[in-house]
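Working notes, structure below.
In the text below, chain A, chain B and the rest are named by the order of the sequence lines, each starting its count at 1. Please read these numbers as outputs of a predicted model, since none were measured by experiment.
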Amino acid sequence: MANAIPSRSDNYSDWYNELVKRADLAENSAVRGCMVIKPYGYSIWEKMQRALDDMFKETGHLNAYFPLFIPKSYLSKEASHVEGFAKECAVVTHYRLKNAPDGSGVIVDPDAKLEEELIVRPTSETVIWSTYKNWIQSYRDLPLLINQWANVVRWEMRTRLFLRTTEFLWQEGHTAHATSDEAMAETRQMLEIYARFAEEWMAVPVIKGYKTANERFAGAEETLCIEAMMQDGKALQAGTSHFLGQNFAKAFDVKFQSKGGGLEYVWGTSWGASTRLMGALVMAHSDDSGLVLPPKLAPIQVVIVPIFRSEEQLDQITEKVKEITVGLRKKGISIKFDNSDANKPGWKFAEYELRGVPVRLAMGARDLENGTVEIARRDTKEKKTISLEGIVEYIEQLLEEIQQNIYNRALAFRVANTHKVDDYAEFKKILDEKGGFILAHWDGTSETEDRIKDETKATIRCIPYNAPEEDGKCILTGNPSKQRVLFARAY
RNA sequence: CGGGAUGUAGCGUAGUCCGGUCAUCGCGCCUGGUUUGGGACCAGGAGGUCGCAAGUUCGAAUCUUGCCAUCCCGACCA
């Protein structure tokens, strides 16, 4: 193999970085910490957007767009919110440049200083709630169910393609409700949507749960999340849904008149998922040959590679291929027929494996004679020659099977790498030797959580939903505990 | 922002100690031909302010100083 990527076992992190670049998903840009998402990577993101957006619309949400800039004063209206984000905000202080007197280029015009500095949004709660104040007067205005697709900026110290970039793309939902119960139900509903998206579209199994107070969103009363396991055993948070209580309503004075005529603060939620999902998708399924994409999100689901010695042969193959592609397209399956003469078949095979195309067909003289085609699946790398008879149905079913198979594989991996541990020494040992998820008892205090984090780098990823009640002792302090929580090292 | 390292063609690199036909090699790219069932081969060709700036010197990719950028390890995070 001339251009092999690093292997996962050699260096997982190198493997990931190389794969993202080589599969043409994204690359680093001239701007520190900001990436360029390339067309192939962006196509996957568009499919993710489409699926999520459909689910949001089905549950009654509408899209809107709020400004990129936020007046600095807004950020400080909600105390814990500003504390959470202040350290990573980009700030706009001027609005004009001018030529440098010494001719060395342009400089910031000191006369163009803004009265009030603007923050580049790290998240939009504050602008949105300041707007909601004007939109909500009566219980009849509720619930208000809004989503926006946007870019946000968080000035991170260390960045990695998709997993943590200074600027990233995401969606953020912001809803307002008349009652606490209704807002909480919305919070749960949106987490369910994220979980369903992760499992049914990305083929990534997730664990749903509550964040501890330490890990909660800045300004939220409760944060729900889904956590996925990557192939190196580390956890990745794939979506969060926050119950904001009346915090932002109070900070921005958003009240409504109830049926009974009283004035009440509204209850809020916010929920988001970002281009980080792209990183999760790569790390959950791919192998040392390249990406493995779930068929539902693959920009190209089937690639057809002709093998020919002459123009006439190519023409004959093209003719045959047409019959297949017409049938596949009718089923909504995306196909690429790569008839370019620039590269040999072997090169193409390797290239489409790198790009994670779920199904590959190869057709040559041999197949023309026999009425067959060679079919290869990306997830297992199995190859076989099959008859053209019923090929469309065969492929349709195979795509479903691949989708299911990579989910099952990821689930089996997670199960195999999740351990119940009752002893702190063993806890540390498993983290260092095996990694993965650990279910252990915790006494419920932030102090204990912090100490475990300092000593092991593992954090409580979540307090899982529906965890069975079980009396136990905190792994660190020995204090009583009612249920196990999920520990892991995380991205 | 602390600790470590690195900047040579689109990418990856040799040369840096010891200054002087040294700008090396591979991939990629262009042209022509032969090829095509797992990353083809031959021939020819294009492409470089050696990160930037100043200094030392007859002479700097190489030595000195300053700056800039990137990567790794920490603190911070979706």
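Residue contacts for A/Ser310: at a heavy-atom cut-off of 4.0 Å it reaches no nucleic acid atom on any strand shown.
Checked against B/G37, B/C76, B/C73, the side chain of A/Arg158 finds its nearest nucleotide in B/C73. For A/Ala362, the side-chain atoms get nearest to B/G37 when compared with the rest of B/G37, B/G39, B/U35. The side chain of A/Arg32 approaches B/U70 more closely than any other nucleotide in the set B/G38, B/U36, B/U70.
Straight-line distance from the CZ atom of A/Arg489 to the C1' atom of B/G74: 15 Å, rounded to whole Å. In this structure, A/Glu455 atom CD and B/G74 atom P are separated by 17 Å, rounded to whole Å.
Both distances falling under 3.5 Å, in either a Watson-Crick or a G-U wobble arrangement, place B/C29 opposite B/G45. Nucleotide B/G38 forms a pair with no other nucleotide shown, judged by Watson-Crick or G-U wobble geometry with both contacts under 3.5 Å.
A sub-4.0 Å separation between OP1 or OP2 of B/G74 and a side-chain N or O of A/Lys457 is present. Taking only side-chain nitrogens and oxygens, A/Lys344 comes nearer than 4.0 Å to OP1 or OP2 of B/G37. An OP1 or OP2 oxygen of B/G37 is reached within less than 4.0 angstrom by no side-chain nitrogen or oxygen of A/Arg366.
Under the 4.0 Å criterion applied to side-chain N and carboxylate O atoms, A/Glu353 and A/Arg378 are not assigned as salt-bridge partners.
Taking the P atom of each, B/U49 and B/C71 are spaced 24 Å apart, rounded to whole Å. Nucleotides B/U57 and B/C52 place their P atoms 23 Å apart, quoted to the nearest Å.
Ring orientation note: the planes of A/Trp201 and A/Phe197 are close to parallel, at an angle under 30° on the 30°/60° scale.
For the residue pair A/Ser80 and A/Glu78, a side-chain donor N or O sits within less than 3.5 Å of a side-chain acceptor on the partner.
Aromatic ring centroids of A/His61 and A/Trp271 lie under 6.0 Å apart.
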